[in-house]
Protein chains: 2
Amino acid sequence: MANSHISEQASTALSDKSLCCPLSDTARKIADTFQNLVMVRGFNAVSYGDLAKELGIRTASIHYHFPTKAELGATVLTRYRDNTMNAWQDIDAGDPESNTPEIYKKAYESFMAPIRPVRDMQGVSCLFGVLGATYETLCPNIQGILASFFVEQEVWLARVFKGGRDAGVFHFPGTATSFAKLYTSALQGAMLIKKSTGKPEHFDAVIEQLEGMLFGVGRT
Amino acid sequence: MANSHISEQASTALSDKSLCCPLSDTARKIADTFQNLVMVRGFNAVSYGDLAKELGIRTASIHYHFPTKAELGATVLTRYRDNTMNAWQDIDAGDPESNTPEIYKKAYESFMAPIRPVRDMQGVSCLFGVLGATYETLCPNIQGILASFFVEQEVWLARVFKGGRDAGVFHFPGTATSFAKLYTSALQGAMLIKKSTGKPEHFDAVIEQLEGMLFGVGRT
DNA sequence: GCTTGACTACCTATTAGTAGGTAGATATAG
DNA sequence: CTATATCTACCTACTAATAGGTAGTCAAGC
């Protein structure tokens, strides 16, 4: 109710086709609601009571689907990671020699596709960013998913950047790895500051700066 | 006890000479401990009980100094903001015409001085970044301090960047404001990812990328 | 008739916060 | 100089609310 607009906004990212054992209808609703609330408030400020109120069921019913909060968190995080990684184009498809410049631009766009809409979601930032802020309070299982996501994201992005620079479509100083670190950091920070200041323009300006470099326009 | 190493690490940033009515010895210890714990765990995961255990006093004694958690938070945040802003060199000092190129480099370094040591503080990131992640759960008072800090930081940094580029010591594409947005975002994100992955190298790489641009080395 | 998915009713621990008291320092008035 | 009052900084003991979680019940549907 209070946050139903967010459910709609982020619904596209909530399919669970990637999970080993797919969630039931109710379990998926619980996971969706939990994810949306966590992206706004953080893990520790979302309780089973909040979820129960939002969904119109009892907390015990939520425990039936997700015995512990840690399991609920791990489910949501795994699903989010898998969906995100599935969305990335596989730039290794086919012979590396046959990789056209366009494939790198397409890979980059598939990376940015789920990020751009966050611009207009009030109070929302990246799920992984929010959890990272309170990393030390999370259970080891969730910490592991979190840390590996950041690493995998950076590795994948560095590969795209490297291939794209070799193909002449991307431009940046230094190594592809350190430029990927800059990229992921800047995007995380931009979402965080946009959320705290309520200014979507901040988000625009950061992406413009990054893409200005990457596409090699406006360099002094 | 558990986090005493952090108290030592961050102690330099905890002077309270800027507060209108200075804190008593005990109040300052409470504020210091609270700040250190929040920078690691976030606002919602630090309780009066945690503070009491850490300090060896009762929770009621903490309530004596800080009646509510919101007041404690506001005190710590105000002090942090004032100390940070006081650390920034005033680039408007003297005649604007007499501003040498060095003054901008010095201003930039005074900005970076408190940020660089975070590299080696395990599990720690910027106090404002951590709070920003759970912005919606904070009381309006604290939200206001938070949002204004991000804005003021960006405005100040943009002024330094603009002056420095005009003076020929800084280089960057686009407006000084949007480059300042990139800079603050990248630093926030770098601290967050460093914290979640436990890799200080990530922090190094991001700063190297940013300063490579700013100082105009290694451009492609 | 067993599985599913919800329920009521509880439990224990922790949360922020309050009430009221006390030891010791300091100030003040007779 | 002493009796009284006030203040500081802590204490014990409590509260109401919320936290995550458990045990056992019950109805519907394949």
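Residue numbers begin at 1 in each chain, while the letters A, B, ... track the order of the sequences.
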Quiz prompt | Atom pair distance, as rounded to whole Å: CZ in B:Phe66 and C1' in C:dT18 | solution = 19 Å
Exercise. Please say whether the positively charged group of B:Lys69, taken as NZ for Lys or CZ for Arg, lies over the ring of B:Phe34, i.e. under 6.0 angstrom from the six-membered ring centre and within 45 degrees of the axis.
Key: no
Quiz item: Rounded to whole angstroms, how far apart are CG on B:Leu72 and C1' on C:dA16?
Solution: 12 Å
Quiz item: Do A:Tyr183 and A:Phe179 have their ring centres less than 6.0 Å from each other?
Solution: yes
Self-check item: Euclidean distance, atom CG of residue A:Leu55 to atom C1' of C:dA6 [Å, nearest integer]
Solution: 13 Å
Self-check item: Between A:Glu154 and A:Thr184, a side-chain donor and acceptor under 3.5 Å
Solution: no
Quiz item: In B/S/- notation, 5' to 3', how is nucleotides 7-15 of chain D contacted by protein heavy atoms closer than 4.0 Å?
Solution: -SBSBB---
Quiz item: Can the ring centres of B:Phe66 and B:Tyr48 be said to be less than 6.0 Å apart?
Solution: no
Exercise. Whole angstrom is fine here: how far is it from NE2 in A:His63 over to C1' in D:dT22?
Key: 9 Å
Quiz item: Distance under 6.0 Å and angle within 45° of the ring axis: does B:Lys105 meet both against B:Phe215?
Solution: yes
Quiz prompt | Nucleic acid contacts of residues 42-51 of chain A, taken as heavy-atom distances under 4.0 Å to DNA chain D | solution = A:Val46, A:Ser47, A:Tyr48
Quiz item: Are the side chain of B:Gln143 and the backbone of B:Tyr135 linked by a donor-acceptor contact shorter than 3.5 Å?
Solution: yes
Quiz prompt | Between P of C:dG5 and CZ of A:Arg28, the distance in whole Å | solution = 12 Å
Self-check item: Side-chain heavy atoms of A:Phe111 within contact of A:Leu187, under 4.5 Å
Solution: yes
Quiz item: Is there a donor-acceptor pair closer than 3.5 Å between any side-chain N or O of A:Lys194 and the backbone N or O of A:Val118?
Solution: yes
